[in-house]
Each structure stands twice: as C-alpha cells, then as structure tokens.
Amino acid sequence: MNKKTRITRLLKSTPDGQIVTVKGWVRTFRNNQFIALNDGSTIVNLQVVVDRETLPEDILKRITPGAALIATGKLIESQGHGQAMELVAAEILITGDSNADTYPLQPKRHSLEFLRKNGHLRFRTQTFGAIFRIRHHLAYAIHKFFNDRGFFYLNTPIITGSDAEGAGEMFRLTTLDLNNVPKTDDGHVDYSNDFFAKETNLTVSGQLEAELGAMALSNVYTFGPTFRAENSNTTRHLAEFWMVEPEIAFSDLDDDMDLAENMLQYVIGYVLEHGKLDLEFLAKRLENEEKNKPQNERSFPLLEKLQGIIDDKFERITYTEAFNILRNSKPNKKGKFAYPVEEWGMDLQSEHERFLVEKKFKKPVIITDYPKGIKAFYMRMNDDGKTVAAMDILVPGIGELVGGSQREERLDVLHDRMKEMNIPIEEMQWYLDTRVYGSCPHAGFGLGFERLVLFVTGMTNIRDVIPFPRFPGSAEF
RNA sequence: GCCCCUUUAGCUCAGCUGGUUAGAGCGCCGGACUGUUAAUCCGUAGGUCCAAGGUUCAAGUCCUUGAAGGGGCGCCA
C-alpha cells in the first residue's frame with residue numbers, strides 16, 4: 001500500500017513518461033475522460049486521463065465525485081491548458097464508491113452553513129482543505145519559532161484542580177452519579193468520593209502553571225486545548241479552543257510585546273512561504289465573496305494584509321492614549337458609538353477597538369497599561385498605582401488576538417491584589433511560592449490559535465477554522 | 001444572555017400591493033460527445049413552501065408562538 005506518490009511531490013517533478021501511482025478522491029469527472037483527482041497533499045488536483053475505449057464500462061460508471069481510487073500510469077506533459085502535467089491511466093482501481101445521488105458535495109459552490117452541517121465531509125472541499133493545511137503550517141511554525149529561540153514546550157494540565165484562574169466559566173469534571181449526587185451535612189456536593197477527591201474542571205488557561213515552569217526553565221510555552229463554558233454566541237468564540245501561552249523569566253512588558261510581535265511576523269512569514277497556493281486560493285475566495293459588498297465594507301486583500309504584518313511595526317499605545325484618541329474621535333463626538341467614551345477606566349468595546357485598528361491606524365495595535373480595575377490579579381502594578389503592565393494586540397477583523405502582561409513578581413503587592421479581588425490565597429500557595437522563593441520579573445501572553453487561523457485565512461467564522469467546533473448547544477462527533 | 005435577519009426542489013435562490021396548476025440555475029437520472037477545466041448540448045423526474053395555531057371567500061405571501069440557521073452585541077483568546 002505504500003507505493004504511491006503524493007500529488008504535491010509530483011508537481012515538483014518533470015513529467016517525462018515515468019510510471020507513477022497516485023491515490024486520492026475524485027473531485028470531478030469531465031467528458032467521461034478527465035478525472036480531477038485530489039489527495040489532500042495540495043489544493044491542486046492531478047488530471048488523470050482515462051481511455052474510455054479500453055477502460056471497462058463498469059469502472060467508468062463508478063468514477064463519481066467523492067469516489068476513492070488508485071490510478072497508475074504514465075506522467076506526461078499535459079496536452080490541455082489548465083495544468084502542467086497529467087497522468088495517463090493504464091489502470092484504475094476503485095477502493096471506495098461514492099453514490100452520486102446521495103453524496104452531498106456537488107462540483108459547485110456550497111455555502112459555509114451547508115458545509116458546517118456536513119462537517120464530516122467538508123474536509124473534502126477546496127476551501128476546508130486549504131484552511132486545515134494552513135492551520136497545520138501555523139501550528140508547526142509556532143513550535144519552530146519557540147524551539148529556535150530556546151523555549152521549552154511545557155504541557156500544563158487539561159484537568160485542573162485550580163479554580164482561581166479567573167478567565168471565565170469552567171466545565172466541571174466528575175465521575176459522581178449525577179442522578180444521585182452525594183452531599184455533605186451542610187448541603188454542598190461531597191467531592192471526597194469523586195475521582196480526584198476534590199472539585200476539578202477543564203482548564204481555562206495554562207498560564208499559572210506555565211509561570212511555575214518559567215521560574216526554572218526561563219523560557220517556556222504551552223500549546224494546548226483550553227475550555228470556556230461561557231454562553232458566547234459569536235463568530236470569534238469557541239467552548240474548546242487551542243491556546244499558545246509563552247512565559248519568559250527576567251523579562252518585562254517590552255520584552256513580552258517584542259516576543260509577541262516577532263512571533264506573529266515569523267509565523268505569518270512562514271505560511272506565506274509554505275502555504276502559498278492555499279493562501280492564494282483563500283485570497284481569491286475572499287475577493288469573490290466581497291465583490292457584492294460596497295467598497296467601504298470590503299476588507300483588505302488577504303495577501304497584502306499578511307505582507308503588511310511582516311513589513312510594518314505594530315502600533316504601540318497606552319490605554320490612556322487610546323482613550324483620548326477615542327474620546328476626541330469623530331464617531332464619539334457625533335454619538336455614533338453605542339458605548340460613548342467618557343470616563344477613564346471603562347473597558348474598550350469592540351466598536352472602539354475596530355475604530356483604532358481599522359480606521360485610525362490601519363494595522364495591528366498593541367494597547368498597554370490598562371486600568372487595574374478591568375484586568376486580572378496577576379498583572380504587575382505600575383508605579384502610578386492606577387494601571388497595570390498589560391498588553392492586548394488588536395488586529396483588523398478579529399479584535400483581540402493576543403492578551404498578555406508582565407506578571408506581578410512582588411509578593412506583598414500580589415498578596416494585596418489577591419485580597420482585593422477575592423482570590424482564595426490559601427489554595428494558591430503553590431503559585432505564591434514562585435514569589436516567596438527566588439522571584440524575578442517575568443511576563444507572558446496568550447494567543448488564541450483559532451483567531452490566528454481566522455486572521456491568516458481571511459475566514460470570518462471561527463467555527464470554520466477548527467476541525468470539530470464546540471459551541472453552546474453543539475458538540476458533534 | 002440581549003437585538004436583528006433568514007427558513008420555498010438535493011444545493012444556491014426568485015416568487016410583486018394575499019388571487020388559477022409554485023419557478024430558475026446547478027446537481028441527480030437518461031441520452032449525445034475523444035482535450036475537458038465547477039465541460040458542453042438535449043430530455044425526464046424531483047416540492048409537507050420549517051412547525052403549530054390564527055386572520056381571510058382565498059395564505060408560500062399577513063399575524064402569534066415555537067424550532068433551526070446566520071449576523072451583531074456582551075463575556076474573552
């Protein structure tokens with residue numbers, strides 16, 4: 001079964017009549033003669049030419065969209081115009097038929113909604129093939145980026161016994177009989193007989209554990225599944241998503257921003273090089289999609305947008321600067337914002353982020369030094385006593401792509417902050433110990449991997465860039 | 001969780017101020033075709049107009065409720 005050549009490799013060879021075997025799925029069959037065969041290795045189909053004089057009638061009838069087959073024959077320069085080479089089949093072996101009457105995918109454009117409903121087959125379309133190849137390249141590039149810079153890949157727990165991460169609603173995990181939940185005398189759930197003998201959840205972030213690693217290995221990163229039980233119904237949220245969380249010791253917020261910016265530029269450069277054909281396809285797709293939109297609603301052409309990320313430095317402004325820009329902006333003065341910008345300390349809404357990124361600066365913007373009231377307990381207090389050393393990277397079309405901060409390394413300050421925000425200090429001693437023993441300035445950030453894939457592919461719904469999306473009311477497969 | 005929109009053939013959609021037998025393109029099926037590129041040409045079949053209730057002489061079309069899907073907002077990555 002191993003004697004096959006993947007189409008991506010064939011395309012790099014010179015066709016001179018060599019005998020090759022390809023294995024893949026039929027996309028279309030034209031003129032009873034031309035099979036467009038795709039094996040998933042590339043978006044490009046290989047044209048397999050069959051001789052209908054010699055090919056048995058029953059085989060000919062079974063070459064239908066979606067059918068799996070093995071074709072062996074000579075690879076020659078194509079006599080047609082649409083492709084450089086083609087395979088003249090001497091032998092066709094169909095390994096799996098596909099009933100054309102019931103196969104949902106037709107050789108035509110389908111809506112993303114329809115393909116979402118047929119999620120088990122959408123991998124076989126050009127669009128989703130491209131998306132998931134790009135997703136792979138991005139994941140690989142992230143590992144490569146960190147590895148090449150001396151970072152260690154640290155696996156933080158998926159099942160967590162810590163409920164103080166404060167990043168959102170958690171999924172509870174238990175083996176208790178839900179029809180007969182044991183209770184303690186005071187009426188609470190008795191976890192003493194549960195699998196872990198305590199309350200456990202699916203992780204919402206590996207950051208706190210990553211900090212433990214960074215305080216010994218210096219530079220670490222996590223890249224794993226993350227879960228949020230929020231009832232979020234948007235095109236940018238999932239209940240199960242993948243997050244990248246580097247953590248760097250002896251570093252401050254500037255180092256953190258540099259790391260994030262360099263990483264984004266590196267991985268986007270990597271896909272521009274290694275996922276060129278897929279990106280070109282997605283770019284054309286986006287262009288067609290937006291043909292009917294009025295000019296001012298169209299997004300920037302995909303490839304130029306990605307090249308711009310590499311060529312341009314990100315804009316860096318403080319929350320206070322952003323606040324002033326927004327307060328004095330035209331839409332704010334004309335009352336166009338649903339949330340007027342009036343009081344320092346307010347959280348920035350989507351409409352504000354979009355104004356800054358898409359109208360004002362027209363490139364990624366890093367906003368730093370947020371008011372302490374709207375940020376997490378572990379972020380380092382600035383000298384003004386009002387803001388923390390936090391940073392969010394906002395990008396066009398997505399909004400928040402990265403959220404990070406310098407961590408509070410001073411035990412007394414951290415202690416006070418935790419008290420202030422009602423974080424259970426007793427349960428967090430393991431975390432505080434990093435500040436008790438050999439504390440140092442350190443920083444890190446979280447990158448929503450699917451949001452990165454959204455940004456790079458130009459797709460607009462996050463459910464289309466993860467193979468098996470989980471969201472409120474839906475956990476198919 | 002809140003707001004808006006959509007639901008008509010396998011898919012993508014049209015269907016006017018309510019009025020005869022609900023249409024198109026593509027797909028499927030049948031036929032033609034040896035250089036096609038989502039092939040092309042000819043032909044046939046294919047409908048619980050999302051569901052329930054209501055208004056009306058008459059409802060795909062109007063109203064109410066519900067379901068499913070999409071978009072926006074909030075929560076965030």
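What you see is a predicted model, and the numbers here were worked out from it, not measured in a lab. Within every chain, numbering begins at 1; the chains are lettered A, B, ... in the order of the sequence lines, protein sequences first and strands thereafter.
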State the pairing partner of [N]; accept Watson-Crick or G-U wobble contacts with both distances under 3.5 Å, and report none otherwise.
{"N": "B/C73", "result": "B/G1"}
{"N": "B/A67", "result": "B/U7"}
{"N": "B/G30", "result": "B/C42"}
{"N": "B/U21", "result": "none"}

Should [X] be listed as having a side-chain N or O under 4.0 Å from OP1 or OP2 of [N]?
{"X": "A/R30", "N": "B/U34", "value": "no"}
{"X": "A/N31", "N": "B/G35", "value": "no"}
{"X": "A/S350", "N": "B/G74", "value": "yes"}
{"X": "A/R236", "N": "B/G71", "value": "no"}

Indicate, with a heavy-atom threshold strictly under 4.0 Å, whether [X] touches base, sugar-phosphate, or nothing.
{"X": "A/F114", "result": "sugar-phosphate"}
{"X": "A/L401", "result": "sugar-phosphate"}
{"X": "A/N461", "result": "sugar-phosphate"}
{"X": "A/T226", "result": "nothing"}

Check whether any side-chain heavy atom of A/E351 lies under 4.5 Å from a side-chain heavy atom of A/K336, and answer yes or no.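 A side-chain contact is absent here, since even the closest heavy-atom pair is not under 4.5 Å.
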
Should A/H352 and A/F323 count as side-chain neighbours, where that means a heavy-atom distance under 4.5 Å?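 Result no, sub-4.5 Å side-chain heavy-atom pair not found.
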
Do A/F449 and A/F223 have their ring centres less than 6.0 Å from each other?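 That pair passes the under 6.0 Å test.
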
Determine the interatomic distance between P on B/C2 and the same-named atom on B/U65; round to the nearest Å.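 Their P atoms lie roughly 14 Å apart.
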
Given side-chain contact (heavy atoms from CB on, under 4.5 Å), test A/K360 with A/S329 step by step and report yes or no. CA-CA 9 Å; A/K360 175 81 184 169; A/S329 69; over 6 Å; no

